[in-house]
Amino acid sequence: MQYQEKAKELKEKIKQYHQETNEWKLVKKAKDVTVFSRTSPEFSGHLYKAEGFVEARPERVYDFVNPNPDGPRAKWDKAVKSLEIVQHIDKMVKVVRTCTHSAAMGLISPRDFIDLCITDSTEDYLSTVAQSIEHTDSPADQTKYVRGTNYPCGITCFKVKDEPNRTRLVTFCHADLGGMLPQQLVKSALPGSMVDFFINLRQALEDEK
């Protein structure tokens, strides 16, 4: 697989998601987090976007959301059971296996995802973006997990003008959870989990002050 070319395409798709304004529908607002959805351009499900502010520098927020097994994310993100580096491509590109806990009071069983993860940064933001791939070193383990698929998704930490200790955080969830899940269950569970992500992140940052 041409990882560098795939990484370039993925970053461009996420930029397009940020620029789109017309197709988003408000689906949830809670705890100073706003969640929108739109029909996915990739599969027969939905693409979700959550926005909110976090009271910390973008560099620090990025360190907390980066899917690094040795970083804070594996400790504070309650949806994540484990993170594993499958392959290092270079400093900015890696293949990561993420295993999740069950969700929706056990109605959604544990999942695992094999994602190409890319670090992207400009003068305005830092981000980690991802998309599922197949990898020979991580075949599906159907005895423990249902293999899910992440379509282009990511987390972007935007700098806030004149407020260096504040971050505008935007997350995209674009997952086909696999299995025989009722679509209504997924539609009700994902927005809430995105709000929880913000709540748990803010608490983790506060605890580490």
Side-chain angles (χ1 to χ4, degrees), residues 10 13-14 16-18 20-54 61 64-65 67 73-83 96-115 117 127-132 140-157 167-205:
L10 179 53
K13 283 193 176 183
I14 298 301
Q16 291 175 15
Y17 294 164
H18 281 294
E20 292 171 352
T21 58
N22 295 330
E23 298 187 35
W24 295 105
K25 176 184 176 182
L26 177 66
V27 294
K28 191 175 184 68
K29 192 168 186 177
K31 305 296 183 180
D32 297 318
V33 182
T34 306
V35 184
F36 303 88
S37 75
R38 53 159 292 188
T39 300
S40 169
E42 305 284 343
F43 77 114
S44 60
H46 288 79
L47 166 62
Y48 295 88
K49 174 175 70 172
E51 301 180 342
F53 287 94
V54 178
V61 176
F64 270 68
V65 301
R73 176 79 179 269
K75 299 176 183 178
W76 68 261
D77 190 341
K78 295 181 181 180
V80 173
K81 184 175 182 179
S82 65
L83 293 165
V96 178
R97 182 186 185 215
T98 303
C99 298
T100 69
H101 293 287
S102 61
M105 296 184 292
L107 295 175
I108 300 175
S109 59
R111 261 58 181 169
D112 76 337
F113 301 84
I114 307 299
D115 297 327
C117 296
S127 70
T128 175
V129 299
Q131 182 174 358
S132 287
D141 181 1
Q142 297 181 352
T143 62
K144 294 182 179 179
Y145 300 96
V146 175
R147 176 61 53 89
T149 301
N150 278 321
Y151 293 93
C153 58
I155 305 170
T156 304
C157 308
T167 299
R168 183 170 74 88
L169 190 66
V170 180
T171 68
F172 291 103
C173 179
H174 200 185
D176 180 352
L177 298 179
M180 302 298 290
L181 291 174
Q183 191 62 32
Q184 190 58 43
L185 174 61
V186 176
K187 289 173 68 176
S188 64
L190 286 182
S193 70
M194 295 180 79
V195 172
D196 289 343
F197 180 89
F198 277 75
I199 294 171
N200 295 331
L201 170 61
R202 289 166 176 160
Q203 186 61 56
L205 287 161

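Listed for the Ser40 side chain is a donor-acceptor partner under 3.5 Å among the backbone atoms of Glu42. Put simply, the side chain of Thr100 gets close to the backbone of Arg111: a donor and an acceptor are under 3.5 Å apart. A distance-only check finds no donor-acceptor pair linking the side chain of Asp77 to the backbone of Arg73 [under 3.5 Å]. For the pair His174 (side chain) and Pro152 (backbone), a donor-acceptor distance under 3.5 Å is present. Using modelled atom types, one side-chain atom of Trp76 and one backbone atom of Phe64 make a donor-acceptor pair closer than 3.5 Å. A donor-acceptor pair is defined here as one N or O able to donate and one able to accept, closer than 3.5 Å; such a pair exists between the side chain of Arg202 and the backbone of Phe53.
Taking both residues in full, the closest heavy atoms of Ile14 and Gly154 are given as CD1-N, 4.4 Å, listed atom of the first, atom of the second, then distance. The two atoms that bring Gly148 and Ser132 nearest to each other are O-OG, 4.1 Å, heavy atoms only. Of all heavy-atom pairs spanning Ser127 and Thr156, the tightest one is CB-OG1, 3.5 Å. Nearest heavy-atom pair, Tyr151 versus Asp176, reported as atom, atom and distance to 0.1 Å: CE1-CB, 3.9 Å. Of all non-hydrogen atoms in Phe43 and Ala175, the two that sit nearest each other are CZ-O, 3.5 Å.
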**Item:** Lys28/Val33 under side-chain contact (heavy atoms from CB on, under 4.5 Å): CA gap, chis, key distance, verdict
**Value:** CA-CA 8 Å; Lys28 191 175 184 68; Val33 182; over 6 Å; no

**Item:** Pair Val146-Leu177, side-chain contact (heavy atoms from CB on, under 4.5 Å): steps then yes or no
**Value:** CA-CA 8 Å; Val146 175; Leu177 298 179; over 6 Å; no

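In this structure, Ile108 CD1 and Leu190 CG are separated by 6.5 Å, a value rounded to the nearest 0.5 Å. For the atom pair NZ of Lys144 and SG of Cys99, the computed distance is 9.0 Å after rounding to the nearest 0.5 Å. Separating the NE2 atom in His101 from the OG atom in Ser109 is a distance of 13.5 Å, to the nearest 0.5 Å. Here the straight-line distance linking atom CD of Gln203 with atom NZ of Lys78 works out to 8.0 Å at 0.5 Å rounding. For the atom pair Ser102 OG and Tyr145 OH, the distance stands at 10.5 Å (nearest 0.5 Å). Taken to the nearest 0.5 Å, the CD1 atom of Ile155 stands 10.0 Å off from the SG atom of Cys173.
Ring geometry for Phe36 versus Trp24: interplanar angle over 60°, hence perpendicular rather than tilted (30 to 60°).
Between Lys49 and Glu20 there is no salt bridge, since none of the side-chain N atoms of the basic residue sits less than 4.0 Å from a carboxylate O of the acidic one.
Using a 4.5 Å cut-off on side-chain heavy atoms (C-beta onward), Thr171 and Val65 make no contact.
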